There are 2 protein chains.
Amino acid sequence: MPTEGKLPATAAQWSTRELILLEASRLFATRGFRGTSTRDICTAVGIRQPSLYSHFLSKQAIAQELLSRDLNSGIEALDRFARDGGSPSVELYRYLRWEITYDLEDPFDKRVLYNVEILALPELDGCRELLDVYNNRLEALIRRGIRGKDFIALDVIFLRRTVDAIILEAMRGSAEGAPIADQPDLAATVVLRALMQTPGEIDSVRARAHSAGL
Amino acid sequence: MPTEGKLPATAAQWSTRELILLEASRLFATRGFRGTSTRDICTAVGIRQPSLYSHFLSKQAIAQELLSRDLNSGIEALDRFARDGGSPSVELYRYLRWEITYDLEDPFDKRVLYNVEILALPELDGCRELLDVYNNRLEALIRRGIRGKDFIALDVIFLRRTVDAIILEAMRGSAEGAPIADQPDLAATVVLRALMQTPGEIDSVRARAHSAGL
DNA sequence: GTCTATACTCTGATAGAC
DNA sequence: GTCTATCAGAGTATAGAC
């Protein structure tokens, strides 16, 4: 579910509500959630500070919407690639390529949404449940890979955290001038090298992923 | 340079200044830097809020000291293992095991020091230079590994970022109930699997690292 | 070094006119 | 939905007595 699909092509046509989400995500990414005031956001959008409350109940509600959108799109993607079948290696490779490409093309900047600063906000209970769903889906994929001897038999939670950390690092790296086009395959390659029992077969995984349409 | 070496054994004997650093690091880790007030820190230490300014010029100065201590210890460790010689694989394995063990045993909680929220503070210029030194040392190690055919020839900066991300993730994981004793070898193993041309030789790397004294 | 008292700024959020 | 006006609270930091 690429964000572009539900938004007008030019920024000038975006709704005020979407603009608030967009500018808030960018400011959060560079100054942190608490380091960004509602006045900062509204100045970037071009409205006065109290007008924000016509669109959101609170500042936390902005973070909540950004986070739940991102989590839902990740869960959807994991489900989509799981339905396609194929070996867990191919499934994971396709998901990583898709996720990182999506993150880097998305105008919303989601670099800090998964920091404690935001995740620990008391208002974000619903998001933490969604996060559990996402984690469970990704762990299930890794577990399938271990059972089928595709992946090494290390602690599943540790492996899932490692995968998440590499996805987030690819997002952050692109924001610091790294060549964007390379990131998805680089990150997917490194993850699969770390997890696969026989990393020498990565080229075959890449080929099968491409023939499966990605 | 383990922190225990320069501190009294029991918390009751710590200086107020060290206690401020300790409690601040813990509060930063769970609420973020901006989410932690100087009052919060002083309450945890057992002094009144203005007394903090007898020890630090500002709240930022606390983050600066925590960060520069951590960076200096990392740089020292990288230099130490580089001086010991051995293959880049063994050198990286030894560094990772040492670094993660140190992070997990250290009473100071450094989980969020490397977030933009803190790194972007204008008062932390000196730390950013130290961070460059650390990054250069780690990149040099990776570059040596690539030249010597130990490691795969992917983008060095991307690989260094991946290594950093996995170190930080091991730190965060341990704070959420993961079995602490396993983290150093798990993380070092995953990193070396990702980087080594022949991941099958990891057992040999581990053996050589242990005979080198770690 | 620690305290009390306080200054001053910034922040999130509400009220009510248009 | 956007505005002006405004508030109440929390924040960092300083002054000065002990």
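Since this is a predicted model, take the numbers as computed values, not measurements. Basis for what follows: all heavy atoms, side chains included, without hydrogens, waters or symmetry-related copies. Each chain gets a letter, A, B and so on, in the order the sequences are listed, and its residues count up from 1.
The side chain of B/Q49 approaches D/dT12 more closely than any other nucleotide in the set D/dC3, D/dT12, C/dT4. Taking every side-chain heavy atom of B/R48 into account, C/dC3 is the closest of D/dT2, D/dA13, C/dC3. Closest approach to the A/S37 side chain among D/dG11, C/dC3, C/dG12 is made by C/dG12 (side chain taken as heavy atoms from C-beta onward). Counting only heavy atoms from C-beta on, A/S54 has its side chain closest to D/dG1 among D/dG1, C/dT2, D/dC3. Nearest to the side-chain atoms of A/P50 among the listed nucleotides C/dT4, C/dT14, C/dG12 stands C/dT14. Checking C/dG1, C/dG12, C/dC3 against the side-chain heavy atoms of A/Y53 singles out C/dG12 as nearest.
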_side chain to side chain donor-acceptor pair (under 3.5 Å) evaluation trace for A/T30 with A/R111_ = CA-CA 9 Å; A/T30 51; A/R111 270 178 286 169; over 6 Å; no

_From CA spacing to verdict: side chain to side chain donor-acceptor pair (under 3.5 Å), A/Y114, A/D70_ = CA-CA 10 Å; A/Y114 296 91; A/D70 193 50; 2.7 Å; yes

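To the nearest angstrom, C1' of C/dA13 lies 11 Å from CG of A/L57. Atom CD1 of A/I47 is separated from atom P of C/dA13 by 14 Å (rounded to the nearest Å). For B/F56 and D/dA13, the CZ to P distance is 13 Å, given to the nearest whole Å. A/K59 places its NZ atom 15 Å from the P atom of C/dT14, with the value rounded to the nearest Å.
Checking the phosphate oxygens (OP1, OP2) of C/dG1, no side-chain nitrogen or oxygen of B/S51 falls inside 4.0 Å. Dashed line: the shortest gap from a side-chain N or O of B/R39 to OP1 or OP2 of D/dA10 is not under 4.0 Å. Put simply, B/T38 has no side-chain N or O that comes within less than 4.0 Å of OP1 or OP2 on D/dA13. Checking the phosphate oxygens (OP1, OP2) of C/dG12, no side-chain nitrogen or oxygen of A/S58 falls inside 4.0 Å.
Below 30°, between 30° and 60°, or above 60°: for A/Y95 and A/F81 the angle between ring planes is above 60°, a perpendicular geometry.
No more than 12 heavy atoms of other residues, nucleotides or ligands lie within 6.0 Å of CZ in B/R48, so this atom counts as exposed by the packing criterion.
Relative to the ring axis of A/F33, A/K59 places its NZ or CZ within 45° and under 6.0 Å from the centre.
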